[in-house]
Colleague: 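Below: one structure in structure tokens.
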Amino acid sequence: MLRGILFFGLVLAMVALRRPNHFNYAAPWIEDGSIVLGQTLSLGWSSIILPLQGYLIIPARFVSLLAVWISFEHYAIVSILIACVVNAA
């Protein structure tokens with residue numbers, strides 16, 4: 001357990017050092033903000049199976065749904081942190 005927490009901290013530090021603007025000025029990507037977030041808010045959990053330009057993007061939609069559920073106000077930074085957790089796993 002401790003190894004996992006330390007590894008997550010290391011991954012988070014590496015991402016923060018490489019791309020500090022992701023944390024300082026967190027903003028959703030264009031398709032996340034205009035398409036995915038809108039469908040998430042209007043359709044809820046059923047939006048997870050909607051294709052985007054012919055592609056199923058279930059992991060990205062799941063992150064978006066989870067981030068909105070945790071905190072809509074801090075959607076961008078929460079989604080970045082969730083992505084860091086997934087990458088560390």
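Heavy-atom basis, side chains included; hydrogens, waters and symmetry copies ignored. This one's a predicted model, so the numbers in the text were calculated from it and none came from an experiment.
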Colleague: Measure the CD-OG distance between Gln39 and Ser46 for me, rounded to the nearest 0.5 Å.
Modeller: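 Rounded to the nearest 0.5 Å, the CD-OG separation comes to 9.5 Å.
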Colleague: First locate atom CD1 of Ile57, then atom CD1 of Ile48, and finally report the distance between them rounded to the nearest 0.5 Å.
Modeller: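 Separation between the atoms: 10.0 Å.
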Colleague: What's the separation between atom OG in Ser42 and atom CG in Leu37, rounded to the nearest 0.5 Å?
Modeller: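 These two atoms lie 9.5 Å from each other.
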Colleague: Using a 4.5 Å cut-off between side-chain heavy atoms of Ile, Leu, Val, Met, Phe, Trp and Tyr, which other residues end up in the same hydrophobic cluster as Leu10?
Modeller: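 When side chains under 4.5 Å apart are linked, the cluster holding Leu10 also contains Met14.
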Colleague: Give, for atom CD1 of Ile49 and atom CZ of Arg61, the distance between the pair rounded to the nearest 0.5 Å.
Modeller: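 Reported to 0.5 Å precision, the distance equals 10.0 Å.
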Colleague: Taking atom CH2 of Trp69 as the centre, does the number of heavy atoms from other residues, nucleotides or ligands within less than 6.0 Å exceed 12?
Modeller: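 12 or below, so no.
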Colleague: To the nearest 0.5 Å, tell me how far Thr40 OG1 sits from Leu50 CG.
Modeller: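 CG of Leu50 is found 9.0 Å from OG1 of Thr40.
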Colleague: Does Val36 share a hydrophobic cluster with Leu41, counting links as ILVMFWY side-chain heavy atoms below 4.5 Å and allowing steps through other members?
Modeller: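 They do not share one cluster, since no chain of ILVMFWY contacts under 4.5 Å joins Val36 to Leu41.
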Colleague: Should Ile82 and Ile70 count as side-chain neighbours, where that means a heavy-atom distance under 4.5 Å?
Modeller: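 Side chain of Ile82 against side chain of Ile70, heavy atoms only: contact under 4.5 Å found.
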Colleague: Quick check against the 3.5 Å criterion: does Ser64 have a side-chain atom that pairs as donor or acceptor with the backbone of Ala60?
Modeller: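 Answer holds: no.
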Colleague: Which value, rounded to the nearest 0.5 Å, describes the distance between Leu12 atom CG and Ile5 atom CD1?
Modeller: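 Taking CG in Leu12 and CD1 in Ile5, the distance rounds to 13.0 Å.
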Colleague: Count I, L, V, M, F, W, Y as connected when their side-chain heavy atoms are under 4.5 Å apart, and connections chain through other members. Are Val15 and Ile80 then in the same cluster?
Modeller: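 Yes; tracing contacts between hydrophobic side chains, which count when under 4.5 Å, links both residues.
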Colleague: For a quick test of reading the model, state the closest non-hydrogen atom pair linking Gly44 to Leu65 and the distance between them.
Modeller: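 Of all heavy-atom pairs spanning Gly44 and Leu65, the closest is O-CD2, 3.5 Å.
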Colleague: Would you say Val85 and Leu81 are hydrophobically clustered, going by side-chain heavy atoms of ILVMFWY under 4.5 Å?
Modeller: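 Result: yes, single cluster for both.
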